[in-house]
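All values reported here derive from a predicted model rather than from experimental measurement. In what follows, every chain begins at residue 1, and chains take the letters A, B, ... in the order their sequences are listed.
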Number of protein chains: 2
Amino acid sequence: MGQNDNQNTVPAIHRAIDVIEFISSSQRELSFSEIMDNVDIPRQSLIRILNTLCIRGFLDKSSQRGLYRIGLKFLYLGHGLPDKFELRTAAWKSMKALSQKTGKTIELSSLDRDQLILLEQIRGSEEMSLYSRVGSVIPYLHAVSVGKVYLALMEPDKRRRVLKKIGLPAMTRHTITDMARLEQEIQETQARGYGFEDQELREGVRRVAAPIFNSNGKHVGCIGLSAAVFSFELDDLDQYGRMVREAAEKTSAELGYVSNS
Amino acid sequence: MGQNDNQNTVPAIHRAIDVIEFISSSQRELSFSEIMDNVDIPRQSLIRILNTLCIRGFLDKSSQRGLYRIGLKFLYLGHGLPDKFELRTAAWKSMKALSQKTGKTIELSSLDRDQLILLEQIRGSEEMSLYSRVGSVIPYLHAVSVGKVYLALMEPDKRRRVLKKIGLPAMTRHTITDMARLEQEIQETQARGYGFEDQELREGVRRVAAPIFNSNGKHVGCIGLSAAVFSFELDDLDQYGRMVREAAEKTSAELGYVSNS
DNA sequence: TTTTCAAATACCATATATGGTACTTAATGG
DNA sequence: CCATTAAGTACCATATATGGTATTTGAAAA
């Protein structure tokens with residue numbers, strides 16, 4: 001909190017965003033003093049900030065003298081994402097088809113600011129708690145099928161930069177934490193044309209993902225399929241891999257991509 | 001734009017939100033001067049605001065000297081919605097079941113700041129263009145099944161206030177624009193226990209919706225079903241109405257509601 | 001009822017963010 | 001190539017948002 005480094009910014013906006021992000025991170029409603037204790041803003045100013053954000057719908061207050069929470073405006077504003085939306089439209093048909101064919105959870109993800117972000121999702125039959133939410137982000141490229149695809153298609157120096165920034169932290173006991181092992185995995189991903197993840201992010205979940213390219217040949221996203229281990233045997237890997245690759249290729253075609261291999 | 005009425009607010013934040021909302025409303029990427037021409041903010045200050053918002057991920061810039069668009073952060077922040085999320089969790093199973101039984105589009109909506117907001121959606125087989133996006137808001141309570149349910153369960157004076165604010169504008173040639181007719185419709189809704197809308201918001205689309213109550217007996221949302229006219233005949237109305245009512249009742253039970261009728 | 005505490009308001013001198021002007025950079029087109 | 005335009009930077013006097021202190025309100029407990 002507090003990147004007041006740059007001169008060409010507005011302190012008041014930084015503070016407002018600090019407040020928003022703190023409330024969001026807490027995942028529940030917060031009292032005024034809880035917020036006060038966790039952001040470095042004087043009482044009077046904080047009151048003004050909270051007021052402003054409430055008036056504009058960026059925060060909600062449960063009652064007159066109540067608790068603060070993130071406003072529904074954020075759901076609403078989460079739309080005006082023009083180019084990512086194009087991707088969503090293009091991918092929709094293939095995702096739906098894949099969902100009907102497999103009954104599994106199908107996801108559309110993209111890379112933004114070196115993090116994976118979930119853009120769209122068609123849920124399978126797993127229980128609610130297993131799902132990520134649309135819009136959620138994951139910085140651990142090394143632990144996710146989608147991330148491996150991104151790593152596999154990245155410029156080597158960008159790959160090094162990204163991997164250096166987050167390292168290879170273990171999310172489960174299956175996470176790849178050895179760089180040589182990861183290099184090998186990346187090569188396999190390149191060879192197969194799809195990425196695979198075996199309980200490396202979450203215990204009990206397997207995932208495959210394949211890349212989508214736009215008309216300029218740029219890698220703009222991935223279509224992924226995920227399922228619990230008991231409904232996604234290792235024997236199914238090739239089959240599901242082929243399927244997500246097909247779905248992703250169809251989406252690429254939709255975007256005007258022509259393979260030049 | 002520009003509710004600088006209240007004293008206890010931060011002007012800089014108001015401006016930042018003006019910028020965000022303008023960019024969002026345009027539904028595409030905007031150049032600096034396009035933004036300049038449409039918000040009442042001096043050049044220098046606007047630059048600072050855009051900078052700050054970009055640094056914090058609330059806006060994205062396509063390149064160094066590029067176009068501005070809404071940042072993906074909004075997708076991400078659209079989650080920290082604690083209590084609405086509880087509703088989503090509670091409704092999930094019933095919605096899924098309803099979706100499988102009918103193949104239609106199932107939606108979870110709520111009322112926020114006198115507008116209907118779409119919280120969750122399980123899509124049917126209609127084409128992409130027909131769908132609303134999660135988070136989208138509709139102020140026209142009189143033209144939507146969900147809105148009619150809300151009107152039917154509202155305190156009469158709140159109902160009057162809300163209806164007075166927006167009036168009864170016609171969205172299609174089927175929209176109810178006569179108050180007496182609407183009163184009657186509201187009574188029917190109360191009697192049936194579900195709301196119905198026949199192409200009143202969008203030509204060619206029919207919808208039904210039933211209310212969800214929480215443990216305090218408060219009306220907190222609706223489960224709705226929508227479909228194109230050719231797959232939702234008027235003869236099906238009773239059947240679908242019963243189905244959404246069942247789904248909504250199950251969800252209410254999930255939330256700890258006990259009917260005291 | 002009164003007490004207590006959190007939350008919000010009021011006031012105002014001062015620190016500070018603002019927004020003119022002028023300048024630099026980068027991309028476009030002739 | 002130079003000319004033109006849009007985007008961004010630098011500077012600094014001044015208007016203005018800020019954040020102390022003191023006060024008021026409201027809700028819940030005693």
Selection from [options] that lies nearest to any side-chain heavy atom of [X]:
X: A:K61; options: C:dA7, C:dA8, D:dA10; answer: C:dA8
X: B:P11; options: D:dT21, C:dG20, D:dT18; answer: D:dT18
X: B:V10; options: C:dG20, D:dT18, D:dA7; answer: D:dT18
X: A:R15; options: C:dT18, D:dT18, D:dT9; answer: D:dT18
X: B:S33; options: D:dA6, C:dT21, D:dT18; answer: D:dA6
X: B:A12; options: C:dA7, C:dT18, D:dG8; answer: C:dT18
X: A:Q44; options: C:dA8, C:dC11, C:dG20; answer: C:dC11

How many Å lie between [atom1] on [X] and [atom2] on [N], as a whole number?
X: B:R48; N: D:dC12; atom1: CZ; atom2: C1'; value: 11 Å
X: A:L67; N: D:dA28; atom1: CG; atom2: P; value: 11 Å
X: A:L30; N: C:dA6; atom1: CG; atom2: P; value: 16 Å
X: B:H14; N: C:dT18; atom1: NE2; atom2: P; value: 14 Å

Could you work out, with side chain to side chain donor-acceptor pair (under 3.5 Å) as the rule, every residue matching A:K164, not counting sequence neighbours?
none

Please give me the minimum heavy-atom distance between B:I70 and A:L77, naming the atom from each residue.
CG2-O, 3.8 Å

Whichever of A:I41 and B:I47 has the more 5' nearest nucleotide on DNA chain D, that residue is B:I47

For DNA chain D, whose closest nucleotide is more 5', that of A:L46 or that of B:E34?
B:E34

Look at the side-chain N and O atoms of A:N8 and state whether any lies under 4.0 Å from the OP1 or OP2 oxygen of D:dA10.
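It does not, given that no N or O in the side chain of A:N8 lies less than 4.0 Å from OP1 or OP2 of D:dA10.
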
Establish, with yes or no, whether the OP1 or OP2 oxygen of C:dA8 is under 4.0 angstrom from a side-chain nitrogen or oxygen of A:Y68.
yes

Who pairs with B:A210 by side-chain contact (heavy atoms from CB on, under 4.5 Å), at least two apart in sequence or on another chain?
B:Y194, B:V244, B:R245, B:A248

A:K73 bridged to A:D60 by N-O distance under 4.0 Å
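Salt bridge: no.
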
